[in-house]
Amino acid sequence: MGKLVVAAAASGCAVVACVVAALMVGRSVRRRRGWRRVVRVLEELEEGCATPVGRLRQVVDAMAVEMHAGLASEGGSKLKMLLTYVHNLPTGNEKGIYYALDLGGTNFRVLRVRLGGQRSAIIEHDVDRQPIPQHLMTSTSEELFDFIATSLNDFVEREENVSKPSQKERRELGFTFSFPVKQISSSSGTLIKWTKGFSVEDMVGKDVSQCLQQAMSRKGMDMRVTALINDTVGTLALGHYHDEDTVAAVIFGTGTNACYLERADAIIKSQGLLTTTGGMVVNMEWGNFWSSHLPRTSYDVDLDAESPNPNDQGFEKMISGMYLGDIVRRVILQMSQESDVFGPVSSKLDEPFILRTPLIAAMHEDDSPNLNEVARILKETLKIPDVPLNVRKLVVKVCDVVTCRAARLAAAGIVGILKKIGRDGSGGIASVKTRNGIHNKMRRTVVAVEGGLYTNYTMFREYLNEAMGQILGEDVAPYVIIKVTEDGSGIGAALLAASHSASEVVDSVQLL
Ligand code: ADP
Ligand code: MG
């Protein structure tokens with residue numbers, strides 16, 4: 001009897017042990033299967049985002065071809081290639097005190113810049129940054145510009161009380177207005193459409209400078225808008241002020257855009273365009289670039305389809321700070337739906353734009369051994385707690401793939417511009433014989449860059465620079481320099497106000 005009980009108990013234990021073992025095996029099989037599924041999602045992402053140098057060179061060529069097409073005729077390409085009427089960039093000889101106003105997002109900035117007349121010296125600049133009150137973003141043009149003029153007036157009075165008043169009879173202002181504008185001259189242009197949450201309907205089609213000029217008159221201010229530009233042009237102006245070899249400027253911030261110095265006779269769509277310098281800055285509006293060579297995934301297709309502007313800004317949606325975080329969110333959502341490695345699917349993963357790009361930068365650059373920052377962001381932002389280390393590593397890899405593609409495509413875009421203007425070395429490098437032997441000679445080329453994505457996200461910056469070297473090759477790459485131009489969108493406007501203040505310069509662009 002006793003033996004029987006012991007035997008029964010023993011066999012009961014064996015059954016339990018078997019069940020537990022089976023459960024554990026089952027769970028580990030499931031976990032392994034789940035893990036295999038997420039790894040497959042990652043591998044598919046890597047394949048879909050692949051940017052080998054050969055493909056980047058195709059993007060370079062496509063960019064140059066589209067630039068040609070956009071210059072050839074109005075609507076000839078997805079690249080608008082807008083004329084800016086800016087043709088003489090600051091030289092460094094500009095002197096005096098100039099004001100600038102930078103409006104293009106949620107904040108606007110007023111600047112006062114004192115120029116010393118010697119290239120290195122922007123003697124001082126003061127900045128006042130203010131948020132645009134939400135209600136003014138959808139009000140009337142009069143209300144919006146009255147607010148801006150009041151802030152500008154307060155700033156001028158404050159500044160001129162504490163420092164020596166301007167010697168000039170009339171103050172001059174450069175206006176950076178980063179919305180699509182059809183320029184009429186370098187100091188005036190009409191608003192094509194609002195973006196970035198603004199919707200002041202009576203403004204569309206109106207002359208932007210005139211709206212500001214009238215508001216300043218209503219305040220009794222004696223100030224003249226001598227330059228109306230967008231942020232890329234401001235960046236190019238400041239870049240050129242510091243370094244004459246600067247030929248293009250690119251913004252990598254919330255959005256992305258580029259401008260460059262083009263030969264006036266290459267702007268076929270404006271035949272007979274005459275400028276005193278023979279050149280003109282062209283605003284590419286490159287966020288809208290598209291090519292079948294761009295590596296596109298199902299995540300990009302969905303992001304575009306669900307956006308308020310489908311089929312628009314395709315390049316921007318793969319590259320800029322507004323979108324990178326949301327691509328990563330979509331990949332994590334897919335992984336979470338296909339397996340349980342993230343636990344139950346968090347409803348937060350369904351919220352568009354909840355994962356901002358600075359957060360993916362923080363996860364990507366988390367160098368703690370346990371990836372504590374990744375765990376914190378997954379928990380706090382996406383409400384996914386207790387993620388094991390191997391899954392955290394997977395998330396870092398997703399950030400890496402998405403950012404690497406963005407940065408490499410950005411580099412291809414830049415080389416596309418260089419190719420268009422013959423600065424990519426593809427025309428060959430001249431060999432010069434000197435007493436010390438034969439040397440390669442190529443013109444030094446500088447590209448000015450501005451924007452929070454490039455300046456704050458180290459991995460983006462490093463991938464971009466690495467890809468530049470790979471595309472250009474080791475002989476040419478040393479001649480191409482990417483230079484950060486801080487505050488170019490503001491200071492650049494003041495510089496252009498200075499270099500355009502002589503009215504004969506403004507008038508020297510003619511359309512025959
Ligand atoms: P804007 O483009 O709105 O004029 P910025 O040039 O300052 O402004 O860029 C802001 C954008 O840069 C943000 O929307 C964000 O996408 C990106 N950004 C800012 N900080 C970081 C960061 N630490 N890491 C990655 N991206 C960042
Ligand atoms: Mg900006």
Side-chain angles (χ1 to χ4, degrees), residues 31-52 55 252 254 256 294-307 310 313-366 371 373-410 453 457 459-460 463-464:
R31 207 178 291 145
R32 241 181 292 138
R33 232 183 265 144
W35 179 249
R36 271 206 302 271
R37 274 195 222 116
V38 287
V39 168
R40 203 172 54 232
V41 173
L42 177 64
E43 285 168 354
E44 281 169 8
L45 178 75
E46 284 179 303
E47 275 168 37
C49 289
T51 50
R55 181 179 276 238
F252 298 113
T254 307
T256 181
L294 292 174
R296 201 178 197 210
T297 66
S298 59
Y299 307 105
D300 302 301
V301 173
D302 293 346
L303 183 148
D304 181 54
E306 291 163 29
S307 72
Q313 302 294 96
F315 197 45
E316 182 165 85
K317 283 170 180 162
M318 287 184 162
I319 287 183
S320 82
M322 176 151 178
Y323 300 102
L324 297 189
D326 206 53
I327 302 173
V328 170
R329 173 192 68 85
R330 286 166 187 276
V331 180
I332 299 175
L333 173 63
Q334 179 75 23
M335 288 177 161
S336 181
Q337 283 168 339
E338 288 207 16
S339 84
D340 60 0
V341 300
F342 289 96
V345 182
S346 163
S347 62
K348 287 281 166 195
L349 279 172
D350 261 330
E351 264 183 48
F353 297 104
I354 188 160
L355 192 61
R356 318 294 303 188
T357 299
L359 292 180
I360 73 160
M363 295 200 288
H364 196 181
E365 293 172 352
D366 182 355
L371 299 177
E373 189 62 7
V374 178
R376 187 187 67 77
I377 291 169
L378 289 174
K379 185 172 169 201
E380 289 178 8
T381 306
L382 297 177
K383 306 291 176 233
I384 305 174
D386 307 324
V387 177
L389 185 58
N390 59 346
V391 179
R392 294 179 205 176
K393 286 184 180 163
L394 200 78
V395 170
V396 173
K397 186 68 194 162
V398 173
C399 299
D400 185 65
V401 173
V402 170
T403 297
C404 181
R405 178 185 69 163
R408 290 175 70 81
L409 292 178
L453 183 67
Y457 196 168
M459 290 304 290
F460 178 89
Y463 278 138
L464 190 154

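Positions are given from 1 along the sequence.
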Give the minimum heavy-atom separation between Glu373 and Ala362, together with the two atoms involved. CG-O, 3.9 Å
Do you know the tightest heavy-atom contact between Ile377 and Met363? CD1-CG, 3.6 Å
What I want to check is whether the side chains of Asp400 and Tyr463 have a donor and an acceptor closer together than 3.5 Å. yes
Does either side chain, that of Tyr457 or that of Thr403, offer a donor lying less than 3.5 Å from an acceptor on the other one? yes
Find the distance between CE (Met322) and OG1 (Thr254) and round it off to the nearest 0.5 Å. 8.0 Å
Measuring from atom CD of Glu351 to atom CG of Asp326, what distance do you get when rounded to the nearest 0.5 angstrom? 11.0 Å
Within this structure, what is the CG-CG distance for the pair Leu394 and Leu389, rounded to the nearest 0.5 Å? 11.0 Å
Pairing of Glu306 and Arg330 as salt bridge, 4.0 angstrom limit: yes
Who are the side chain to side chain contact (heavy atoms under 4.5 Å, CB included) partners of Val345, not counting sequence neighbours? Leu333, Ser336, Gln337
Does the side chain of Asp300 come within less than 4.5 Å of Thr297's, by heavy atoms? yes
Quick one, Val396 and Asp366 - any side-chain contact, counting heavy atoms below 4.5 Å? no
Under the 3.5 angstrom rule, does the side chain of Thr357 hit a backbone N or O of Gly325 as a donor-acceptor pair? yes
Over all heavy atoms of both residues, which pair between Leu453 and Gly321 is shortest? Give the atoms and the distance, please. CD2-N, 3.9 Å
Identify the two heavy atoms, one from Pro295 and one from Gly48, that lie closest to each other, and give their separation to 0.1 Å. CB-O, 3.3 Å
Note, Leu324 side chain near Val328 side chain (heavy atom, < 4.5 Å): no
Step by step, work out the side-chain contact (heavy atoms from CB on, under 4.5 Å) result for Val395 and Phe342. CA-CA 10 Å; Val395 170; Phe342 289 96; 3.8 Å; yes
Pro352 vs Arg329 side-chain heavy atoms within contact, under 4.5 Å: yes
Working to the nearest 0.5 angstrom, can you tell me the gap between Phe353 CZ and Leu303 CG? 5.5 Å
For atom CG of Asp386, is the number of surrounding heavy atoms from other residues, nucleotides or ligands below 6.0 Å larger than 12? no
If you define the side chain from C-beta out and look only at heavy atoms, does anything of Val341 sit under 4.5 Å from Met335? no
Looking at Val387, is its backbone amide N or carbonyl O close enough to the side chain of Arg392 to form a donor-acceptor pair, meaning the two atoms are under 3.5 Å apart? yes
Nearest heavy-atom approach of Ser339 to Val38 is OG-CG1, 3.2 Å
Determine whether Val41 and Leu45 make a side-chain contact, defined as any pair of heavy atoms from C-beta on separated by less than 4.5 Å. no
Hydrogens and angles aside, do Asp350 and Ser347 bring a side-chain donor and acceptor to less than 3.5 Å of each other? no
Determine the sole option in Leu42, Val39, Val402, Val331 for which the side-chain contact (heavy atoms from CB on, under 4.5 Å) test with Lys397 is passed. Leu42
Test of understanding: with ring pair (Phe, Tyr, Trp, His ring centres under 6.0 Å), list the residues that count as partners of Phe460, not counting sequence neighbours. Phe252
For the atom pair CG (Leu359) and CG (Leu378), what is the distance rounded to the nearest 0.5 Å? 10.0 Å
Check the side chains of Arg408 and Thr51 for a donor-acceptor pair under 3.5 angstrom, ignoring hydrogens and angles. yes
Quick one: closest heavy-atom pair of Arg296 and Arg405, and the distance? CA-NH1, 4.3 Å
Does Glu44 have any side chain to side chain contact (heavy atoms under 4.5 Å, CB included) partners at least two apart in sequence or in another chain, and if so, which? Arg40
Can you tell if the side chain of Trp35 reaches within under 4.5 Å of the side chain of Asn390, non-hydrogen atoms only? yes
Could you tell me the separation between the NZ atom of Lys317 and the CD1 atom of Ile327, rounded to the nearest 0.5 Å? 11.0 Å
